[in-house]
Amino acid sequence: MNNFNTLYNLVTGPLVWLTFLVFIGGSVYKIRQLFSLVNNKEKFIYSYMSLKFSLRSLAHWVVPFATVNWRKHPVMTVMTFLFHFCLVLMPLFLTAHVTIIHEAWGIRWVTLPDGIADTMTMIVIAGALFFLIRRFTLREVRYLSVASDYVLVAIVAAPFVTGFLAYHHILNYQLMLILHILSGEIMLMAIPFTRFSHMLYAIFTRTYIGSEFGSVRHARDW
Amino acid sequence: MTNPSENKKPMVLDEGLEKGAAKLTQDRIEKTIKQVLEGETGARFKAYVETCVHCGLCSDACHVYLSLDRDPKYSPAGKVKRTIGEIIKRNGKVDAQFIKEASVVASTECNLCKRCAMYCPFGIDTAYMMLIVRRICHKLGVTPLYIQDTAHSHAATMNQMWVKEDEWIDTLQWQEEDAREEIPNLRIPLDKVGADIMYSVIAPEPKFQPHLIYDMAIIMNTAGINWTMPSEPGWDNSDMAMFTGDNELCARLKKEHFDLAARLKVKKIVMGECGHAFRSVYDVGNRMLGWRMHPFNTIHAIEFYYDLLKTGKIKIREKYKKSVTLHDPCNVSRGRGLHDKARWVINQICEDFTEMYPNREHNYCCNAGGGVVNCGPPYKIKRVTSNRVKAEQVAKTGAEILITPCHNCHSGMDDILAYYNIEMHTKFICEIINEVMVKPEEA
Ligand code: SF4
Ligand code: SF4
C-alpha cells in the first residue's frame, strides 16, 4: 500500500511537472529548431507560402475521403480519422481529467459523458491494434517498419488500455491507475522526440507542399 | 532488408558508376555526405525524415512500385529507406558499393515525378529526397555514365548533345529552306532583337528531330508571330544537370538562357514541347539563380497553341481523324497545371479523343523523366519493365495515336509501346497542328 502511495505521489506530483516541461518545452524547441533551419538555410520557403493554398491543402487532407488517396484506402482512412479524433479529444474532455484540473487550478470546461468516452477509448485501442496488424501484414508497411514503430504503437495504446482497465476496475485498480498516469506521461514526453512529432510538423509539411502545388505548379495536391 | 545490395537482380554494368566508385575513399564519402546533409539541406529534409510515419500510403503513387509487383523496396518511402534512411542509420559511414547502389536507386528508380507528394498525407516530397541522394553521388563523381555525358556536353557547349554552333545554325537554315516549299516567304529569324517571342528548344531537336523545328516555323509564320530563334549558346533550354545533382551547372545553363532572352529584348520565351526543360526554366533553374519564379515570361508550347487557337491566329481546316489519347507529361501537368489547356487544344484539333486513367495531375509518369531515360541503354529494360502500369493504361484506351507534348515522354512511351507490342504511335501536338491547320496559301 505504502509503495503504491509513494508511486502515486511520484507520478501525480513531480512527474506531472516534468511531463509538461518536456512536452511543452520539447515541442517549442522542435518547432523553433525547424524555423531556425528555415531562417538560416531555406528562407526562400517563406516566399512560396500561400495562405490560400495552405488552407486548400489542409481542408482536403483533414476531411476523410476528400483526397484520392484517402478514397483508395477506405478502411485505413476511417481508422486513421477515428483514431486521431478520439486520441486527441477524449483525454481533453474526459470528466475525470477535467475534474482533476478543476481541483488543481479552478478552471473547467465541458466534459464527455462517460459512456461516450469509454467508446472513444475502445476506438483508440482498436485503432492501435489496426495499425499494428497493418504493420505486420501489409508488405509495403512491414518493409518500412523499424523497431521503434512497434514501440510507438505500444506507447500510444498503453494509457488507453490502462485507463480502460482502471475505469472498469479490471485487475488491480490502484496499479492500473498508476500505470495509466505513467504511460500517459511517457506518451506526452515522447511526442517531441519521436515520430510522434508528426503531430507538430504535419501542418508545416502539408502547407508547404500545398503552397508549392497551388501557387507554382497550379495543380491539386490531393 | 534495407541495403540496396540486397537487390537480387544482377546489377547492370555502368562504367560511370564503376569507375567513379573505384576512386572513392572512405574519408571522402563521409566528408561529402556530411557536407551535403549539414551544409545543403535544412528544414525540409529534417521535417521529411522525422515526420514520415512509415505508413506506406505513398506506395500506390509510384508506377515503379506498382509495375514491379508491388515490391516494397520500390515504393517512394522504400527508396528513401534504402538510401537516405541507411545513410542516417549508419551515420554517414557507408562504403563505395553503397554509394554506387544508392546512385542506381536515385537516378534510375525514381523519376522525380512528385506523384507521391500528392499521396502522402503529410505531403512528404520523396523526389526532393532522391535529389539529395543524386547530389551526394554527383559530388562523389558516381553518376550513371550516359547522363553524365550529357552534363559534360552542357558544361562544354551549353547544349546537351554536343551540337556545334555551325551545326545548329545550319539545321535552322535547312529547316527554313525545307519549310519554304510549303510557305515560300517563310523565315526562321535568327537573333532578331526586339522580337515578341524567343522560341527555344532542346538540343535533341536539331540532333534527331529537326522536323519539329519545321513544324513550329510553319505555325509561327502562319500565325504571323514576330519571333526569333537564338543562334548563340543558350539556345538549348534543356537541363540534365538538374537531374545529376549538378546544381551549379544547372544555374549556369539557365543564366545563359535568360541572358540570351534579355539580350534579344524579347517579350516572352516560348519553349518547345518538352517537359523537363520547362521544369528547369520554370521551377528549378530560376531558384538556383535566386529567382522566386522564372525571371522571363516563359510559356510551354501547350499554352502557346492554346493562345493561338483561342485568338484565332491559327485555324483548323479539318480535324485530325485518327483516334488519339493524351499522356500528361508530369512536368507540365503536375508541374504547371497545363492539363486542361492541353485537352482543350487536342479537342480543337482532333475529332476523336479518349482519356486514359488516371490522368491530369494524377497521371503516371512515363518512367523516362527525371533523367532516367538519359541514363541510357544499360537501364532500358529495367525502365520499361518498371512501367507496366503505363503500358496497361495506354493500351486500354485503344487509341491509334498517343499524343504527348514532351520529349522524354516520347522516348519513354516509344520504348514502352514497342516492348509491350502496343499498336500505337506517338505524336507531338505541333505535328498534328501542322497537318490540320489552314496554311497561308489556303487562307
Ligand atoms: S518515381 Fe515519382 S512517385 Fe515514384 S518515388 Fe519517384 S517521385 Fe515518387
Ligand atoms: S512518405 Fe508519407 S505516405 Fe510514405 S510512408 Fe512516409 S508518411 Fe507514409
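This one's a predicted model, so the numbers in the text were calculated from it and none came from an experiment. So that the names make sense, note that chain A is the first sequence line, chain B the second, and so on, each numbered from 1.
- Note: A:Val68 leads A:Val38, A:Asn40, A:Leu200, A:Val68 in heavy-atom pairs under 4.5 Å with chain B.
- Applying the side chain to side chain donor-acceptor pair (under 3.5 Å) test to every pair with at least one member in residues 110-124 of chain B, sequence neighbours left out, gives these pairs: B:His63-B:Asn111, B:Asn111-B:Asn367, B:Lys114-B:Asp125, B:Arg115-B:Tyr119, B:Tyr119-B:His362.
- Within 6.0 Å of CZ in A:Phe65 there are more than 12 heavy atoms belonging to other residues, nucleotides or ligands.
- Identified under the salt bridge (charged side-chain N to carboxylate O under 4.0 Å, His left out) test for residues 37-60 of chain A, with sequence neighbours left out: A:Glu42-B:Arg44.
- In this structure, A:Leu144 and B:Ser75 approach most closely via the heavy-atom pair CD2-OG, 4.5 Å.
- Interface remark: of the candidates A:Met76, A:Arg135, A:Lys72, A:Arg135 forms the most heavy-atom pairs closer than 4.5 Å to chain B.
- The residue among B:Cys120, B:Ala61, B:Cys58 with the most heavy atom pairs within less than 4.5 Å of chain A is B:Cys120.
- Environment of CZ in A:Arg32: sparse, with no more than 12 heavy atoms of neighbouring residues, nucleotides or ligands closer than 6.0 Å.
- Annotation: cation-pi geometry satisfied between B:Lys81 and A:Tyr143 (NZ/CZ under 6.0 angstrom from ring centroid, within 45° of ring axis).
- Comparing A:Tyr201, A:Tyr48, A:Trp61 by heavy-atom pairs within less than 4.5 Å of chain B, the highest count is held by A:Tyr48.
- Shown here is A:Phe20, whose CZ atom has no more than 12 heavy atoms of other residues, nucleotides or ligands within 6.0 Å.
- No part of A:Met199 comes within reach of chain B, as not one of its non-hydrogen atoms sits under 4.5 angstrom from that chain.
- Distance alone, capped at 3.5 Å, places no donor-acceptor pair between the B:Arg70 side chain and the A:Glu140 backbone.
- Proximity to chain B among residues 202-222 of chain A is limited to A:Ala202, A:Thr205, A:Arg206, A:Tyr208, A:Ile209, A:Glu212, A:Phe213, A:Ser215, A:Val216, A:Arg217, A:His218, A:Ala219, A:Arg220, A:Asp221, A:Trp222, judged by heavy-atom separations below 4.5 angstrom.
- Among B:Pro121, B:Gly56, B:Gly290, the residue making the largest number of heavy-atom pairs under 4.5 Å with chain A is B:Pro121.
- The number of heavy-atom neighbours closer than 6.0 Å to CZ of A:Phe85, taken from other residues, nucleotides and ligands shown, is 12 or below.
- For the pair B:Glu50/A:Lys30, a side-chain contact is recorded, criterion being any heavy-atom separation below 4.5 Å from C-beta on.
- Between A:Arg142 and B:His54, every side-chain heavy-atom pair lies at or beyond the 4.5 Å cut-off.
- Between chain A and the options B:Met293, B:Arg287, B:Glu40, heavy-atom pairs under 4.5 Å are most frequent for B:Arg287.
- For the atom pair SG of B:Cys55 and CG of A:Asp149, the computed distance is 10.0 Å after rounding to the nearest 0.5 Å.
- Heavy atoms closer than 4.5 Å to chain B are found nowhere in A:Leu152, neither backbone nor side chain.
- Between chain A and the residues B:Leu338, B:Asp60, B:Val80, the largest count of heavy-atom pairs under 4.5 Å involves B:Asp60.
- In this structure A:Ala190 satisfies the side chain to side chain contact (heavy atoms under 4.5 Å, CB included) test together with A:Thr194, A:Phe196, sequence neighbours excluded.
- Within the 4.5 angstrom heavy-atom criterion, atoms from both the backbone and the side chain of B:Leu57 approach chain A.
- Among all heavy-atom pairs drawn from A:Leu34 and B:Lys46, the shortest one is CD1-CD, 4.5 Å.
- Put simply, SG on B:Cys116 and CG on A:Asn69 are 11.0 Å apart, with the number rounded to the nearest 0.5 Å.
- One N or O on the side chain of B:Arg292 and one on the backbone of A:Ser47 form a donor-acceptor pair closer than 3.5 Å.
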